[in-house]
Amino acid sequence: MTDERRHTMDRRTALQTTLGTAALAVAGCLANDANRADFRIGSPWKPNRDPLDGGSTIRRLGITEGLVGVDYDASPAPELATDWERRGDREWEFTLREDVTFHDGEAFDATTAVDSLTRTVDAPAFEDVPIDAVEAVDETTVTVTTETPFAPLPAHLSRNEAVILSPRAVDDDGSVTETISTGPFAVESFNPNTEILTARNDDYYGQVPALESVRYEVVDDDQTRRMKLENGELEMARILPHETVDALESTGGIDVYTPPIPRIRFLAFDTDSEPFDDRRVRQAVSLAIDRKTITESLLDGLVEPAVGPFSPSITEWANPDLESNPYDPDRARTLLDDAGWTGTAGETRTRDGVELSVEFLTFDARSLPLIAEVMQDHLAAVGISVDVQTLEYSAMIDRVTQRSFDAYFTSWGTLWYPDPDRLAELYHSTASSIPHGYGNDRVDTLLEDARELDERGARRERYREVQSIVVEDAPIVVVTNDTNVIATGDDVRGYEPHPTELHYGLEAISMDSE
């Protein structure tokens, strides 16, 4: 990524306007009405009131909070709990903040925390987290007991599903009627299909926002979000296409951010069926893909090529010794020869009269179909014929769940919670949520040991070994990391993209209205 593409956080240039005047220049400069109260954000994601059913947006807007947050080093950090301690193998003690109130005036204490967390623990979203009991010791102390030793517990309690809601937010039947929590912003109005309006929480225990209110707008279309920003109808536009960066950077009155995020694009194979039951064929696919060409030509150099699940630029859990672009088509051809798939240059390989022809499923998001078509060309060059099928996301998942696929190309957040225990969901033979059929006893042992250990260095050593093994075994082939494209008016001050996208940091944002 070039220095020009990186936003300099100490930039102090402001768009000069007159109070009460909204002037839009033909050149595309932003209008700035200093009397307007709302800070307006446009994003494609539709929010939900219930944190157990799509709680990321309400967390990012600073409405909800958990006992544990995530800091700018992508590590668990205090939020409603000021500290925690592991007591023995299976018990954790969390010390809560005092004098915190919910948006409805209800006091936050251990009892309300336990009630809310119990609802989370009983939900399907937490069925794989081995929590046995959540109990209040006194008004400011909560203990969590796990069924087995479980080092990643604080990271899991930072998840959006584990935020703490006021007792008044949840009906007797367990449904959420209002989103009431403790964050720096409180809900004023909520329309899941169109927008959320929030107001500043003047009683917030932490940094009280400078912004009086925030209006989150659901804007599905990429170009519409961009135009609304350029026309002064938004102060922040999120999830913009990579190809818009150059144009946005040359537009007056706009600042552009391109932070790397812990998300990967990858091919997942059916390792139980031909031809991808053979590790050599999976390795050949990986070696035939020129990741650097993909990131530079299709993703405008904003995204890094990758083979591992974690980016070293985001987290120390990444194995720094993995080569990011192991492009070697000659080696790929040799591996295919060794696996019995032979043929002449320019033709599809065969074995026992059967062609090496496979189908890649994907869906239309994050440039996946475009990248899949380029990979199709790369693999044709080594004798693998690929048919790319772009489906609706739900249709692709149906095929994958039924194990009716050769491979599918998708994207996935690798630090949805800030702990490498997430690797179990990618690679463990029984805990994986990716239906690739892969199993490796050594990988299973390393993952199981690492989730029990307390010492960070010992855990890191095991997770890095896992990453080395799975690059060789290739049950999935990671192709790229990812980045978000976010644009704001250049009168927006204090915005810093969060490395795991947990929140927008709205409490730190102000508007320059000079």
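These numbers come from a predicted model, not from an experiment. Only heavy atoms go into these numbers, but all of them, side chains included; no hydrogens, no water, no symmetry mates.
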Could you tell me whether R265 sits above the aromatic face of W412, with NZ or CZ closer than 6.0 angstrom to the six-membered ring centre and within 45 degrees of the axis? no

Between R97 and D109, is a salt bridge (charged side-chain N to carboxylate O under 4.0 Å, His left out) present by the stated rule, with each step listed? CA-CA 8 Å; R97 294 187 185 276; D109 58 19; over 6 Å; no

More than 12 heavy atoms from other groups under 6.0 Å of CD on E85: yes

Consider only side-chain N and O atoms of S411 and R263, and report whether a donor and an acceptor are under 3.5 Å apart. yes

T118 side chain vs V114 backbone, donor-acceptor pair below 3.5 Å: yes

Parallel, tilted or perpendicular for W84 and F94, by the 30°/60° rule? tilted

Which pair of heavy atoms, one from Q207 and one from A508, lies closest together, and at what distance? NE2-CA, 3.8 Å

Quick check, are the ring centers of Y504 and H498 under 6.0 angstrom apart? no

Tell me if a side-chain donor or acceptor on R90 pairs with a main-chain N or O of T145 at a distance below 3.5 Å. no

Identified side-chain contact (heavy atoms from CB on, under 4.5 Å) counterpart of V478 within the set I264, T414, L426: I264

Looking at OG1 of T295 and CG of D300, how far apart are the two atoms once the value is rounded to the nearest 0.5 Å? 10.0 Å

Give me the atom names and distance for the closest heavy-atom approach of T483 to T258. OG1-O, 3.0 Å

Passes side-chain hydrogen bond (donor to acceptor under 3.5 Å, both in side chains), S213 versus D38? Steps please. CA-CA 5 Å; S213 62; D38 298 343; 2.5 Å; yes

Look at the side chain of T480 and the backbone N and O of E304, then say whether any donor-acceptor pair between them is shorter than 3.5 Å. no

Is it the case that N191 and T194 place a side-chain donor and acceptor less than 3.5 Å from each other? yes

Steps toward side-chain hydrogen bond (donor to acceptor under 3.5 Å, both in side chains) verdict (E161, T120): CA-CA 6 Å; E161 299 95 338; T120 298; over 6 Å; no

Go through the side-chain N and O atoms of E98 and T140 and say whether any donor and acceptor fall under 3.5 Å apart. no

Heavy-atom neighbours of Y393 OH exceed 12 at 6.0 Å: no

State, without any angle test, whether T198 and Y216 hold a side-chain donor-acceptor pair at a distance under 3.5 Å. no

Okay, side chain of S166, backbone of F102: is any donor-acceptor separation there less than 3.5 Å? no

Are more than 12 heavy atoms, taken from residues, nucleotides or ligands other than D99, located less than 6.0 Å from that residue's CG atom? no

Taking only residues at least two apart or on different chains, which pairs with a member in residues 148-158 satisfy side chain to side chain donor-acceptor pair (under 3.5 Å)? H156-R159, H156-D421

With heavy-atom distances below 4.5 Å as the criterion, would you say the side chains of F39 and V492 are in contact? yes

Taking the six-membered ring of F190, is the NZ or CZ of R49 close enough (under 6.0 Å from the centre) and on axis enough (within 45°)? yes

Given T112 and D115, is the side-chain hydrogen bond (donor to acceptor under 3.5 Å, both in side chains) satisfied, shown in steps? CA-CA 5 Å; T112 56; D115 288 346; over 6 Å; no

Heavy-atom closest pair, residues P47 and V218: CD-CG2, 3.9 Å

Ring centres under 6.0 Å, that's the criterion: do Y495 and Y257 meet it? yes

Would you say the side-chain atoms of S250 pair up with the backbone N or O of A247, donor to acceptor, closer than 3.5 Å? yes

Just do the salt bridge (charged side-chain N to carboxylate O under 4.0 Å, His left out) check on D454 and R459 with the steps written out, would you? CA-CA 8 Å; D454 199 35; R459 297 187 75 218; over 6 Å; no

Could you tell me whether R464 and E316 have a side-chain N and a carboxylate O separated by less than 4.0 Å? no

Determine, stepwise, if the pair H103 / E178 fulfils side-chain hydrogen bond (donor to acceptor under 3.5 Å, both in side chains). CA-CA 11 Å; H103 299 144; E178 297 180 85; over 6 Å; no

Distance-only criterion, 3.5 Å: show the donor-acceptor pairs between side-chain atoms of residues 169-177 and protein atoms not counting sequence neighbours.
{"from": "D173", "atom 1": "OD1", "to": "S175", "atom 2": "N", "distance (Å)": "3.0"}
{"from": "D173", "atom 1": "OD1", "to": "S175", "atom 2": "OG", "distance (Å)": "2.7"}

With distance as the sole test, does R86 use its side chain to make a donor-acceptor pair with the main-chain N or O of D89 at under 3.5 Å? yes

For N201 and G183, indicate whether the former's side chain and the latter's backbone hold a donor-acceptor pair under 3.5 Å. yes

Going by an N to O cut-off under 4.0 Å, is there a salt bridge joining E230 and R226? yes

Would the distance check show the side chain of R225 and the main-chain N or O of V219 forming a donor-acceptor pair, the cut-off being under 3.5 Å? yes

One pair to check against salt bridge (charged side-chain N to carboxylate O under 4.0 Å, His left out): E195 and R215. What are the steps and the verdict? CA-CA 7 Å; E195 68 176 24; R215 186 179 300 275; 2.8 Å; yes

Atom of V307, atom of V471 and distance for their closest heavy-atom approach: O-CG2, 3.9 Å

Can you tell me if E455 uses its side chain to pair, donor with acceptor, with the backbone of G457 under 3.5 Å? yes

Stepwise salt bridge (charged side-chain N to carboxylate O under 4.0 Å, His left out) test for E217 and K228: CA-CA 11 Å; E217 301 180 17; K228 285 173 76 74; 3.6 Å; yes

